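Chain letters run A, B, ... following the sequence lines, proteins first and then strands; every chain starts at 1. These numbers come from a predicted model, not from an experiment.
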Protein chains: 2
Amino acid sequence: MTHLRGADLAQRGVAPDCVQTIELVRDVLARVGDKWTLLTITVLASGPLRFTALHEQVAGISQRMLSQTLRALTRDGLVTRTAYPEVPPRVEYALTPLGRSLSEAVDGLVHWVRSHQGDIVRNRDEFDQTPAAKTAASPHA
Amino acid sequence: MTHLRGADLAQRGVAPDCVQTIELVRDVLARVGDKWTLLTITVLASGPLRFTALHEQVAGISQRMLSQTLRALTRDGLVTRTAYPEVPPRVEYALTPLGRSLSEAVDGLVHWVRSHQGDIVRNRDEFDQTPAAKTAASPHA
DNA sequence: CTGTATCCTAGTTGATACTG
DNA sequence: CAGTATCAACTAGGATACAG
């Protein structure tokens, strides 16, 4: 994430507490909205999985990104990582209660998107097929 | 967004309809989670504003990014752009009903973050202050 | 098996300057 | 005022090779 640090907001005179919250909100939102997190969480929602299984089920992810995504989720306490001291190694990832809770909160947004995806697609098409017309202006008097 | 196009999922044999939905969900999530959209929507939630006003109220955003963010939101039908044919030009941006609706859906997530931010911060601290211990392994038998 | 290290490219952002 | 154009960082992501 390239996201601005609190300093940017702070220097505008915003209260520190509020800054921290805004920052964290965006941080979480950004993580959920990033390229792989949502898919990973969704896949994990059906049950614990080991690294390789995740690598297969999260379509198209690279080892690098999977590892990175899982570490971020683990760090936030959304996912547990359990390594069994065997050889070859076995590591299982699972959603924590907090992770499941987030997953449910995200579901709200997912449902919103589902129920409004028609509108969005329509709006985009309309917008894209208006090359000349540009944005109309209607003087309100 | 660098996000993968449907092809990546499709080539794994996922149903086209589902792919499109997943893609759009992540697309919307990514937009909401990006560096500026959430702030912009939040600011617009209190009422219509013109370009310069937004530029001032969305702390730290550049003209380029503001313009870009607003166009994306307008394209999706989340924001209206009204240009008054005056000189100097005046352009007002406002949330559409769809935009407000999204804003409310996002609020759910925002509240989740607010009520769990303590946990998250705690988890991060704990994770970061465990340099040696690494992830513990508990053989279950 | 489960990662990490390295390299490389493509996309994203910010600063700056300029236009209608 | 409300943007767009251009350029220079910067970053994220994939591929590959390697390690524990």
Side-chain angles (χ1 to χ4, degrees), chain A residues 1-5 7-8 11 26-27 30-31 33-40 48-75 79-94 131 134-137, chain B residues 1-5 7-8 11 26-27 30-31 33-37 39-40 44 48-75 79-94 131-132 134-137 139:
Chain A
M1 280 168 295
T2 324
H3 297 193
L4 80 175
R5 295 254 142 266
D8 298 321
Q11 75 188 18
R26 190 167 46 195
D27 193 72
R31 190 177 313 289
D34 85 351
K35 193 168 179 179
W36 299 114
T37 303
L38 185 63
L39 274 175
T40 304
L49 285 174
R50 42 200 300 195
F51 191 85
T52 302
L54 275 166
H55 194 201
E56 287 164 358
Q57 294 202 27
V58 180
I61 197 171
S62 63
Q63 279 189 334
R64 191 175 117 87
M65 281 303 106
L66 179 57
S67 169
Q68 210 165 291
T69 303
L70 288 170
R71 190 159 351 112
L73 290 173
T74 303
R75 184 171 105 101
V79 159
T80 56
R81 176 188 186 277
T82 313
Y84 298 92
E86 307 170 356
V87 44
R90 180 164 63 98
V91 178
E92 269 198 351
Y93 291 93
K134 286 289 183 177
T135 44
Chain B
M1 278 170 299
T2 324
H3 297 192
L4 80 175
R5 295 253 143 270
D8 298 320
Q11 74 188 16
R26 188 168 45 196
D27 192 74
R31 189 175 313 290
D34 84 354
K35 193 169 178 177
W36 300 114
T37 303
L39 274 176
T40 304
L44 276 179
L49 285 174
R50 40 201 301 196
F51 191 85
T52 302
L54 275 165
H55 193 199
E56 287 163 0
Q57 294 202 27
V58 180
I61 196 171
S62 64
Q63 280 190 331
R64 192 177 117 85
M65 281 303 105
L66 178 57
S67 169
Q68 211 165 290
T69 302
L70 288 171
R71 192 162 344 119
L73 291 173
T74 303
R75 183 170 106 100
V79 158
T80 55
R81 175 188 186 277
T82 314
Y84 298 92
E86 306 169 356
V87 44
R90 181 163 62 97
V91 179
E92 269 198 351
Y93 291 92
K134 286 288 184 180
T135 44

Shortest non-hydrogen contact between [X] and [Y], atoms and distance:
{"X": "A:Arg50", "Y": "A:Pro89", "value": "NH2-O, 3.6 Å"}
{"X": "A:Arg31", "Y": "A:Ala72", "value": "NH1-CB, 3.1 Å"}
{"X": "B:Pro48", "Y": "B:Glu92", "value": "CB-OE1, 4.1 Å"}
{"X": "A:Arg81", "Y": "A:Val91", "value": "CG-CG1, 3.7 Å"}

N or O in side chain of [X] less than 4.0 angstrom from [N] OP1/OP2:
{"X": "B:Trp36", "N": "C:dT12", "result": "no"}
{"X": "B:Arg81", "N": "D:dG3", "result": "yes"}
{"X": "A:Thr52", "N": "C:dT2", "result": "yes"}
{"X": "A:Arg50", "N": "C:dT2", "result": "yes"}
{"X": "B:Tyr93", "N": "D:dG3", "result": "yes"}
{"X": "B:Ser67", "N": "D:dT4", "result": "yes"}

Rounded off to whole Å, could you give me the [atom1]-to-[atom2] distance for the [X] and [N] pair?
{"X": "A:Phe51", "N": "C:dT2", "atom1": "CZ", "atom2": "C1'", "value": "6 Å"}
{"X": "A:Glu92", "N": "C:dC1", "atom1": "CD", "atom2": "C1'", "value": "13 Å"}
{"X": "B:Lys35", "N": "C:dG14", "atom1": "NZ", "atom2": "C1'", "value": "8 Å"}
{"X": "B:Leu66", "N": "D:dG3", "atom1": "CG", "atom2": "P", "value": "8 Å"}
{"X": "B:Met65", "N": "D:dT6", "atom1": "CE", "atom2": "C1'", "value": "13 Å"}
{"X": "A:Ile61", "N": "D:dT16", "atom1": "CD1", "atom2": "C1'", "value": "17 Å"}
{"X": "B:Leu70", "N": "D:dC1", "atom1": "CG", "atom2": "C1'", "value": "14 Å"}
{"X": "B:Arg71", "N": "C:dT12", "atom1": "CZ", "atom2": "P", "value": "14 Å"}

B:Leu44 vs B:Tyr93 side-chain heavy atoms within contact, under 4.5 Å |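 Touching, per the 4.5 Å side-chain cut-off.
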
Out of C:dA15, D:dA2, C:dG3, which has the shortest distance to the side chain of B:Arg64?
->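 My answer, after comparing the listed nucleotides, is C:dA15.
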
Examine distances only and state if a side-chain atom of A:Thr74 and a backbone atom of A:Thr80 form a donor-acceptor pair shorter than 3.5 Å.
->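 Flag not set: sc A:Thr74 to bb A:Thr80 has no pair under 3.5 Å.
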
Test applied, side-chain hydrogen bond (donor to acceptor under 3.5 Å, both in side chains); reference residue, B:Ser67; option that passes from B:Arg71, B:Gln63, B:Arg64 | B:Arg71

Show me the protein contacts with nucleotides 17-20 of chain D, counting only N or O atoms at under 3.5 Å.
none

Quick one: label B:Gln68 by what it contacts on the DNA or RNA (base, sugar-phosphate, nothing), any heavy atom closer than 4.0 Å.
-> sugar-phosphate

